[in-house]
Amino acid sequence: MPPGRILPRSFYARPTVEVARALLGKVLVHGPAAGVIVEAEAYLGDGDEAAHSARGRTARTAVIFGPPGHAYVYLIYGMYHCLNLVAEPDGHPGCVLIRALEPVSGLEEMRARRGAPCRPENLASGPGKLTLAMGITLAHNGVDVTCGPLVVREPAKAEPAPEILVTPRIGITRAAHLPLRFLLAGARIPPARRYNGPSSR
DNA sequence: GGTAGGATGGGCT
DNA sequence: GCCCATCCTACCC
């Protein structure tokens with residue numbers, strides 16, 4: 001299972017939607033734990049009222065305005081963390097929320113960190129679940145994901161262009177209709193996380 | 001199969 | 001104070 005090369009900064013220095021789509025099928029790696037990204041959402045810098053960057057640069061959101069290829073991690077509902085990867089050129093806000101992984105290695109570490117008994121497909125099938133399973137915390141806010149302990153790699157073997165499903169984003173109230181959630185069509189998604197509304201490619 | 005409610009803390013008005 | 005880019009449990013079909 002030797003994974004491919006680490007994604008370079010140029011991968012992230014593009015429009016956020018492009019980065020979100022391109023991240024599907026790539027492998028998030030943290031120590032022995034790794035998983036294929038199967039679900040992601042784009043949060044835009046331009047007029048996206050749902051994005052944390054929408055109301056300007058603050059101490060918390062500064063990372064989103066910084067150079068691409070860095071992690072934006074924040075605490076949600078007082079108990080879970082969410083991982084984003086910063087896109088767009090330096091100075092332009094935009095990030096991609098990583099919403100689900102398909103675990104490929106380090107399953108035992110993930111299970112130990114999750115605590116709750118769960119099947120492999122539920123280990124990292126949500127933004128809060130995957131940060132817990134991967135051991136990602138606020139300590140990772142701002143870290144460079146083109147080097148260091150937390151990285152994103154090409155998959156071990158090159159895949160054909162994946163089929164991508166596009167739907168509205170989940171769990172937000174503002175700008176809730178925008179088609180900015182992207183899923184790998186072949187991914188195994190738990191029933192409760194499926195989407196039955198209209199979708200496109 | 002589905003959903004309602006609660007846990008829990010930082011950021012911002 | 002209020003608002004969350006969530007998850008799990010309990011309970012009800």
Polar atoms only, N or O, under 3.5 Å: list the protein pairs with nucleotides 4-7 of chain B and their distances.
none

For A:R114 and C:dC7, is the shortest distance between a side-chain N/O and OP1 or OP2 below 4.0 Å?
-> no

Output the single nucleotide from B:dG9, C:dA5, C:dC8 whose closest atom is nearest the side chain of A:L75.
->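 Per side-chain heavy atoms of A:L75, the pick is B:dG9.
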
Suppose the criterion is salt bridge (Lys or Arg N to Asp or Glu O under 4.0 Å): which pairs have a residue in [range], not counting sequence neighbours?
{"range": "residues 68-88 of chain A", "value": "none"}
{"range": "residues 51-64 of chain A", "value": "A:E49-A:R55"}
{"range": "residues 134-143 of chain A", "value": "none"}

Tell me, which of residues 47-61 of chain A have any heavy atom that sits under 4.0 Å from an atom in DNA chain C?
-> A:A50, A:H52

Over how many whole Å does the gap from [X] atom [atom1] to [N] atom [atom2] extend?
{"X": "A:Y72", "N": "C:dA5", "atom1": "OH", "atom2": "P", "result": "9 Å"}
{"X": "A:R113", "N": "C:dC7", "atom1": "CZ", "atom2": "P", "result": "16 Å"}
{"X": "A:L132", "N": "C:dC7", "atom1": "CG", "atom2": "P", "result": "10 Å"}
{"X": "A:R174", "N": "B:dC12", "atom1": "CZ", "atom2": "P", "result": "12 Å"}
{"X": "A:H81", "N": "B:dT8", "atom1": "NE2", "atom2": "C1'", "result": "12 Å"}
{"X": "A:N141", "N": "B:dG11", "atom1": "CG", "atom2": "C1'", "result": "14 Å"}
{"X": "A:Y74", "N": "B:dC12", "atom1": "OH", "atom2": "P", "result": "13 Å"}
{"X": "A:I170", "N": "C:dC4", "atom1": "CD1", "atom2": "C1'", "result": "16 Å"}

How would you list, by chain and number, every residue that makes a side-chain hydrogen bond (donor to acceptor under 3.5 Å, both in side chains) with A:T146, sequence neighbours excluded?
-> A:R9, A:D144

Quick one: side-chain hydrogen bond (donor to acceptor under 3.5 Å, both in side chains) partners of A:Y72, sequence neighbours excluded?
->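 Residues passing side-chain hydrogen bond (donor to acceptor under 3.5 Å, both in side chains) with A:Y72: A:H52.
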
Each base of DNA chain B marked ( ) or [ ] if paired in-strand (Watson-Crick or G-U under 3.5 Å), | if paired to another strand and . if unpaired gives |||||||.||||.

Contacts of A:R114 meeting salt bridge (Lys or Arg N to Asp or Glu O under 4.0 Å) (sequence neighbours excluded), chain-then-number -> none

A:E159: partners by salt bridge (Lys or Arg N to Asp or Glu O under 4.0 Å), with sequence neighbours left out |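 Applying salt bridge (Lys or Arg N to Asp or Glu O under 4.0 Å) to A:E159 gives none.
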
When all nucleic acid strands are considered with a 4.0 Å heavy-atom cut-off, which category describes A:G78: base, sugar-phosphate, or nothing?
->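 Base, at least one base atom sits under 4.0 Å.
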
Give a yes or no on whether A:D46 atom CG has more than 12 heavy-atom contacts from other residues, nucleotides or ligands under 6.0 Å away.
-> no

Over-ring placement of A:R14 relative to A:Y12, 6.0 Å and 45° cut-offs =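 Judged by the rule (NZ or CZ under 6.0 Å from the ring centre, within 45° of its axis), A:R14 is not positioned above A:Y12.
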
Give me the other members of the hydrophobic cluster that A:L97 sits in, counting Ile, Leu, Val, Met, Phe, Trp and Tyr linked by side-chain heavy atoms under 4.5 Å, directly or via other members.
-> A:Y43, A:I172

Partner set under ring pair (Phe, Tyr, Trp, His ring centres under 6.0 Å) for A:H70, not counting sequence neighbours =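 Here no residue qualifies.
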
